[in-house]
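Report on one structure; see the data block that follows.
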Amino acid sequence: MRLLFCFLMYSIFCIGQKIEDYTKVTAYRIVDESTHRPCSVVDFIKNDEYGTVFTATSNDKTLIRNLLLLKTKSKKWKKLKHDCNIKGWMEYHDKIDNIFVFEGTSKNDTLFTSANNFSVIFPNKHIQYIVPNDEINKALSGDMKDFFMRDFRADIWSIFMDVHDSISTEKILYKGIQITNAIKIDNISKEGILIELDSLYIDDNVLYEKTYKSDGNIYSFNRDQKLESIKVYNPADFYLDGIVPGNPESKLDKYPNSITHQFPNGTKYEEIKNSYEYSVNIEGKKGRMIFQIRNKIIESITLTFN
């Protein structure tokens, strides 16, 4: 990320070349909503804050050309002051939420925009030009368009909100018994392999959080030796509402509220458009059932318990 930051700084100050010589564009988009945050996406990249900046890449020559032409055209649009300072932390001031970085055969270029591509920003001059008729977003195509149209904030924050479907514990069984009553650490420790051990020091006592692998599945127990989570790859001993790893994603249509929120596994759009999670609550606020999806197939099912 440090090299990326240096690359961005070079791109900001470089002199442009012919539009036809640019072959790649990468967009960097902030998904952090905090008011106590750097005012520019550049600061996030510089500080290597994983999970706060998402990216998308395209080699579409038409897309590249249209965006660069709009950057030139923007200087004829309505002009306003812009207070963001790339090097500083600015609270309640203008922000730079997105950067398009154009890579060329000999030089690079950048296009800075605000949230929702509402304005084109020239940070060194402390000015912004208001985009008329949503022209930046209308110029987007393919994955780049989908990337900017997707509400990542809503997807990420949905995990903390009561917006998901619920499932009864009667539909989550291990060897025919409700799962929270069936799985004990003594049984798993005898059958499985200890793969992780974390020690906690509380009031001069040493407590342990333990993770075991057994029958291809991962079992985690908290410091009180109670079941905390299970990652199910091999469903032989489980009944999980009739769903097993290997099923198509469409099996989750029975959870219409949950499948409206895809929790991204990563920050690169080229990857997360095919790798994401859905969450279903366990009734009584007892936990969650999380479905990991890869290429439209349920790769694994994770159960977490409160």
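Only heavy atoms go into these numbers, but all of them, side chains included; no hydrogens, no water, no symmetry mates.
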Checklist entry - When I121 is tested against each of I96, D94, T113 for side chain to side chain contact (heavy atoms under 4.5 Å, CB included), which residue passes? => result I96

Checklist entry - Which residue pairs pass the salt bridge (Lys or Arg N to Asp or Glu O under 4.0 Å) test with at least one member in residues 117-137, sequence neighbours excluded? => result K73-E135

Next on the checklist: Could you work out, with side-chain contact (heavy atoms from CB on, under 4.5 Å) as the rule, every residue matching N66, not counting sequence neighbours?
Outcome noted: T62, A139

Checklist entry - With ring centroids as reference points, do F291 and Y278 lie under 6.0 angstrom apart? => result no

Next on the checklist: I need the minimum non-hydrogen distance between S258 and V280, along with the two atoms involved.
Outcome noted: OG-CG2, 3.7 Å

Checklist entry - Can you find a pair of side-chain heavy atoms, one from F102 and one from N108, that are under 4.5 Å apart? => result no

Checklist entry - How about I230 and T304: do any of their side-chain heavy atoms sit closer than 4.5 Å? => result no

Checklist entry - So do I167 and E283 actually touch side chain to side chain, heavy atoms under 4.5 Å? => result no

Next on the checklist: As an exercise, state the distance from CG of N265 to CD1 of I272, rounded to the nearest 0.5 Å.
Outcome noted: 9.0 Å

Item to check | With sequence neighbours excluded, residues passing ring pair (Phe, Tyr, Trp, His ring centres under 6.0 Å) with F148 | outcome: F100

Checklist entry - Got K24 and N59 here, is their nearest side-chain heavy-atom distance under 4.5 Å? => result yes

Checklist entry - Which residues satisfy the side-chain contact (heavy atoms from CB on, under 4.5 Å) test with S220, sequence neighbours excluded? => result T211, S229

Item to check | Connected hydrophobic set around F118, excluding itself, where side chains approach under 4.5 Å | outcome: L80, I130

Item to check | Full working for side-chain hydrogen bond (donor to acceptor under 3.5 Å, both in side chains) between R288 and S279 | outcome: CA-CA 7 Å; R288 295 179 183 273; S279 179; 3.1 Å; yes

Checklist entry - What pairs with L69 under side-chain contact (heavy atoms from CB on, under 4.5 Å), at least two apart in sequence or on another chain? => result I19, R65

Next on the checklist: Just to verify, what does E299 make a salt bridge (Lys or Arg N to Asp or Glu O under 4.0 Å) with, not counting sequence neighbours?
Outcome noted: R294

Next on the checklist: Tell me the closest heavy-atom pair linking S58 and I64, and the distance in Å.
Outcome noted: O-CD1, 4.3 Å

Next on the checklist: For Y269, give me all partners under ring pair (Phe, Tyr, Trp, His ring centres under 6.0 Å), at least two apart in sequence or on another chain.
Outcome noted: F147

Item to check | Pairs where residues 139-150 contributes a residue and the test salt bridge (Lys or Arg N to Asp or Glu O under 4.0 Å) is met, not counting sequence neighbours | outcome: D143-K273, R150-D155

Next on the checklist: Please determine whether ring-ring contact (aromatic ring centres under 6.0 Å, His included) holds for the pair Y129 and F122, giving the CA-CA distance in whole Å, both sets of side-chain angles, and the decisive distance to 0.1 Å.
Outcome noted: CA-CA 8 Å; Y129 296 93; F122 291 83; 5.7 Å; yes

Next on the checklist: What verdict does the ring-ring contact (aromatic ring centres under 6.0 Å, His included) test give for Y212 and Y219, after you've listed the backbone C-alpha separation in whole Å, the side-chain angles of each residue and the deciding distance to 0.1 Å?
Outcome noted: CA-CA 5 Å; Y212 295 88; Y219 301 80; 8.4 Å; no

Checklist entry - Just how far is it from atom CD of Q262 to atom CZ of F152, taken to the nearest 0.5 Å? => result 9.5 Å

Item to check | Heavy-atom pair with the smallest gap, counting every atom of I183 and I188 | outcome: CG2-CG1, 3.8 Å

Checklist entry - At their closest point, which heavy atom of Y22 faces which heavy atom of D109, and how far apart are they? => result OH-CB, 3.6 Å

Checklist outcome for this item: Correct closest heavy-atom pair for I179 and L227 would be O-CD2, 4.5 Å

Next on the checklist: Once salt bridge (Lys or Arg N to Asp or Glu O under 4.0 Å) is applied, do any residues pair with K81, and if so which ones, sequence neighbours excluded?
Outcome noted: D83

Item to check | Distance-minimising heavy-atom pair for F54 and P264 | outcome: CE2-CG, 3.8 Å

Checklist entry - Strictly by modelled atom types, are D215 and N234 linked by a side-chain donor-acceptor pair under 3.5 Å? => result no

Checklist entry - Can a donor-acceptor pair be found between the side chains of E170 and Y239 at a distance below 3.5 Å? => result no

Item to check | Within-4.5 Å side-chain heavy-atom neighbours: I301 and I290 | outcome: no

Item to check | Qualifying salt bridge (Lys or Arg N to Asp or Glu O under 4.0 Å) pairs, either residue in residues 232-246, two or more places apart | outcome: D241-K254

Checklist entry - Tell me, do Y255 and I243 make a side-chain contact under 4.5 Å, heavy atoms counted? => result yes

Checklist entry - Side chains of N98 and R29: do they bring a donor and an acceptor to under 3.5 Å? => result no

Checklist entry - Which residues satisfy the salt bridge (Lys or Arg N to Asp or Glu O under 4.0 Å) test with K231, sequence neighbours excluded? => result none

Item to check | 4.5 Å side-chain heavy-atom contact, L173 and K175 | outcome: no

